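Here the structure comes first, spelled out in structure tokens, and everything after it is commentary.
The shown structure was predicted, so the numbers you read here are calculated from the model rather than taken from an experiment.
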Amino acid sequence: MFCIDKDKLNTQEKILSITAFLLVVFAMLTMYFIVDVVDSSAYNKIRVLGLMGWILLFAFLSAYKFITNVCITPATILVLSMFAFSYGQILLFGLGVDYDYFFLNQYYASFYNNDMRVLLSGNLYAWICLCGFCLGILISVRYKNVKNNKNSASLNLSMKKMFLALFFISAIPYLAYNVYLAAYSLSHDYSQSLELTQPAIIRYVGVFFVPSAIGAVISCEDNRKMKAFIVFCTVINCICSFVIGGRSFAFGLIIGLIVILLMNKKVSWKVILPLCVGAFILATISVSVADYRSATDSSSFISIVIDNLLQKNVFIQFLGEAGFSGTSMVWTMRLVQSGYKTFDGLTYVGAIAGLVPSTLDIFGIGRFFERYTQLEGLLTGIFSFNFGVGFSLVAESYLNFKWFGFVIIFLEALLFGKMLNLEENAEPWRRYVAVVMMTVLLSIPRRDIVFLSNQFTLCVIFPYIFIILVRTFFYKDVHVNTCKVK
């Protein structure tokens with residue numbers, strides 16, 4: 001489960017599936033342009049775009065299943081996140097769901113002057129980008145088996161030792177502080193907890209909690225007690241993160257744990273049923289946290305959870321809330337059409353430059369590109385919002401290349417697919433890279449590409465350097481038969 005069996009991959013089936021997928025895309029585009037000519041109602045066109053989103057998602061999952069013989073992998077989980085954040089409200093509108101859509105809200109619509117052409121063009125561009133993203137993931141499925149490293153025994157042992165040490169170094173102060181912060185938030189007010197100053201040590205060691213937790217759980221397959229302890233600590237930290245507002249962090253980490261724990265399980269109702277229940281619980285908690293943070297009365301968190309369970313469709317609320325990020329594409333298109341200068345690819349150059357840690361950037365290259373890479377606060381500053389509206393990969397691509405930006409989304413999907421398409425019987429390091437990058441990138445559809453370079457440096461480059469150092473100084477001469485560490 002969650003892994004691709006390369007022995008069942010077939011080049012002809014891959015070509016056939018991708019061709020069928022492209023035919024479906026072409027047919028839907030043709031249908032939309034026909035509707036655009038014969039129907040003058042903008043909202044009917046939005047509804048058609050919503051239905052096209054559902055068809056596109058179904059076509060992608062069908063093609064991916066036909067190619068790989070599995071449906072849910074770290075790569076497809078990221079695709080689902082991309083649809084939710086970039087197109088969630090349009091998907092709901094396509095089904096005629098009653099919801100407080102941003103384009104029906106006069107306040108939010110005023111920021112694109114309630115121009116229906118901008119609304120339609122922005123969402124059509126988002127749909128085209130989703131097509132490119134899906135195509136990139138399909139093409140990225142690999143066929144050549146990765147050769148095992150002759151030094152994999154010492155590498156695996158070094159990986160285990162390093163991640164265990166890093167976990168305890170980061171988890172002890174970070175978990176203790178989050179438990180305190182959660183208790184403070186519940187006993188006082190959420191807004192008051194935001195005013196607390198985070199100690200410097202928590203900032204520095206806390207960034208390694210996610211990679212160390214994922215790496216330690218993967219490395220401790222032979223030590224059940226240690227594995228259970230790490231999972232327990234991680235779940236406690238996720239619960240605290242939900243309470244203090246770190247939903248993206250907690251949501252991604254829990255899904256990462258689920259992927260690791262069920263990676264070697266076969267698909268059955270004994271697995272699917274708990275997954276469905278777990279997804280419902282996660283969606284309920286996520287929606288409840290948002291309601292708790294915005295509550296104007298003194299309602300307790302538990303009462304809000306109960307209210308959501310009894311009176312609301314949490315999946316609709318969850319998809320609608322995630323889909324609010326689609327506003328950034330519409331607002332960005334309006335901004336560019338009003339004369340705002342495009343960045344012409346400098347955002348992506350800056351993201352590559354961002355792979356170099358700031359402490360090693362003696363020439364200040366990263367600072368030069370900050371204007372083009374720090375985009376999460378761009379719309380908030382320009383439109384003077386009193387809350388953070390974030391950004392998105394789709395809006396970022398348009399801000400750099402206008403309508404040609406969908407090519408960038410396609411290339412990003414190729415990169416994501418190479419990282420996240422996970423093969424069966426992969427080496428522990430390969431499993432770690434796929435799961436940890438899926439964990440931290442679940443929210444990247446509503447962020448910018450520099451987030452990828454930052455997380456890749458933090459979760460892949462630094463840990464690999466640490467592992468190589470551990471192996472060099474302690475386990476250089478370790479052989480396979482000495483690698484079973486209890």
Side-chain angles (χ1 to χ4, degrees), residues 1-7 70 73-74 145-172 174-175 208-238 253-268 270-271 274-275 278 419-420 422-440 459-460 462-486:
M1 192 172 185
F2 300 117
C3 297
I4 299 172
D5 185 355
K6 288 190 172 183
D7 295 332
V70 291
T73 67
N145 287 321
V146 180
K147 294 182 180 179
N148 290 331
N149 191 329
K150 63 181 181 180
N151 297 318
S152 61
S154 60
L155 187 68
N156 294 343
L157 179 57
S158 302
M159 174 180 167
K160 179 175 182 176
K161 292 294 187 180
M162 190 282 294
F163 276 127
L164 281 175
L166 191 60
F167 176 78
F168 286 106
I169 291 172
S170 61
I172 292 174
Y174 188 65
L175 181 58
F208 290 106
F209 181 82
V210 172
S212 65
I214 295 295
V217 173
I218 289 176
S219 301
C220 288
E221 289 292 335
D222 59 344
N223 191 331
R224 286 181 146 186
K225 291 183 180 179
M226 179 62 70
K227 182 178 179 180
F229 175 75
I230 295 169
V231 170
F232 174 77
C233 292
T234 305
V235 170
I236 294 297
N237 192 70
C238 289
L253 190 49
I254 287 178
I255 292 178
L257 288 178
I258 292 172
V259 170
I260 296 172
L261 298 177
L262 299 181
M263 191 176 292
N264 298 320
K265 303 282 186 182
K266 291 184 178 181
V267 179
S268 66
K270 292 182 180 180
V271 175
L275 274 180
M419 286 191 294
L420 303 184
L422 184 59
E423 316 84 24
E424 286 187 352
N425 303 317
E427 288 288 317
W429 174 253
R430 174 71 188 97
R431 280 183 281 154
Y432 164 76
V433 171
V435 176
V436 78
M437 291 310 293
M438 178 209 69
T439 299
V440 298
C459 297
V460 178
F462 280 170
Y464 191 74
I465 292 173
F466 294 158
I467 290 170
I468 295 302
L469 290 175
V470 170
R471 187 182 69 173
T472 301
F473 289 104
F474 299 102
Y475 303 110
K476 186 176 182 180
D477 299 322
V478 171
H479 299 287
V480 175
N481 58 353
T482 64
C483 284
K484 295 182 180 180
V485 179
K486 301 294 183 182

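Note that CZ of Phe208 and CD1 of Ile169 are 10.0 Å apart. Values are rounded to the nearest 0.5 Å. Distance CZ/Phe168 to SG/Cys233: 7.0 Å, rounded to 0.5 Å. With values rounded to the nearest 0.5 angstrom, Ile468 atom CD1 is found 7.5 Å from Ser158 atom OG.
At least one donor-acceptor pair closer than 3.5 Å links the side chain of Arg430 to the backbone N or O of Met419. A distance-only check finds a donor-acceptor pair linking the side chain of Arg431 to the backbone of Ala426 [under 3.5 Å].
For the side chain to side chain contact (heavy atoms under 4.5 Å, CB included) criterion with Ile467, the lone passing option out of Phe462, Tyr432, Phe163 is Phe163. Checking Val259, Leu422, Val70 one by one against Cys3, the side chain to side chain contact (heavy atoms under 4.5 Å, CB included) holds for a single residue, Leu422.
Leu164 places a side-chain heavy atom less than 4.5 Å from the side chain of Cys220. Leu253 is not listed as a side-chain neighbour of Val235, based on a closest heavy-atom distance of 4.5 Å or more.
Partners of Glu424 according to the salt bridge (charged side-chain N to carboxylate O under 4.0 Å, His left out) rule, which considers only residues two or more places apart in sequence or in another chain, do not exist here. Taking the side-chain hydrogen bond (donor to acceptor under 3.5 Å, both in side chains) definition, one finds that Thr234 meets it with nothing, sequence neighbours left out. Judged as a side-chain contact (heavy atoms from CB on, under 4.5 Å), and not counting sequence neighbours, the contacts of Ile260 are Ile214, Val217, Ile218, Val435. Evaluation of the side-chain contact (heavy atoms from CB on, under 4.5 Å) rule for Ile172 yields no partner, not counting sequence neighbours. Residues passing the ring pair (Phe, Tyr, Trp, His ring centres under 6.0 Å) test with Phe167 are Phe209, sequence neighbours excluded.
Nearest approach of Ile258 to Phe2, heavy atoms of both residues: O-CE1, 4.1 Å. The shortest heavy-atom contact between Met438 and Leu420 is N-CD2, 3.5 Å. Residues Met159 and Gly215 approach most closely at CE-O, 4.4 Å, considering heavy atoms. Nearest heavy-atom pair, Val436 versus Pro211, reported as atom, atom and distance to 0.1 Å: CG2-CA, 3.8 Å. Scanning all heavy atoms of the two residues, the minimum distance from Ile230 to Ala216 falls at CD1-CB, 3.5 Å. Minimum interatomic distance between Ser170 and Ser212 (heavy atoms only, all atoms of both residues): OG-OG, 3.4 Å.
Identified under the salt bridge (charged side-chain N to carboxylate O under 4.0 Å, His left out) test for residues 225-237, with sequence neighbours left out: Glu221-Lys227.
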Discussion item. Using side chain to side chain contact (heavy atoms under 4.5 Å, CB included), reason through Leu155 and Glu427 one step at a time and then give a plain yes or no.
Written reply: CA-CA 10 Å; Leu155 187 68; Glu427 288 288 317; over 6 Å; no
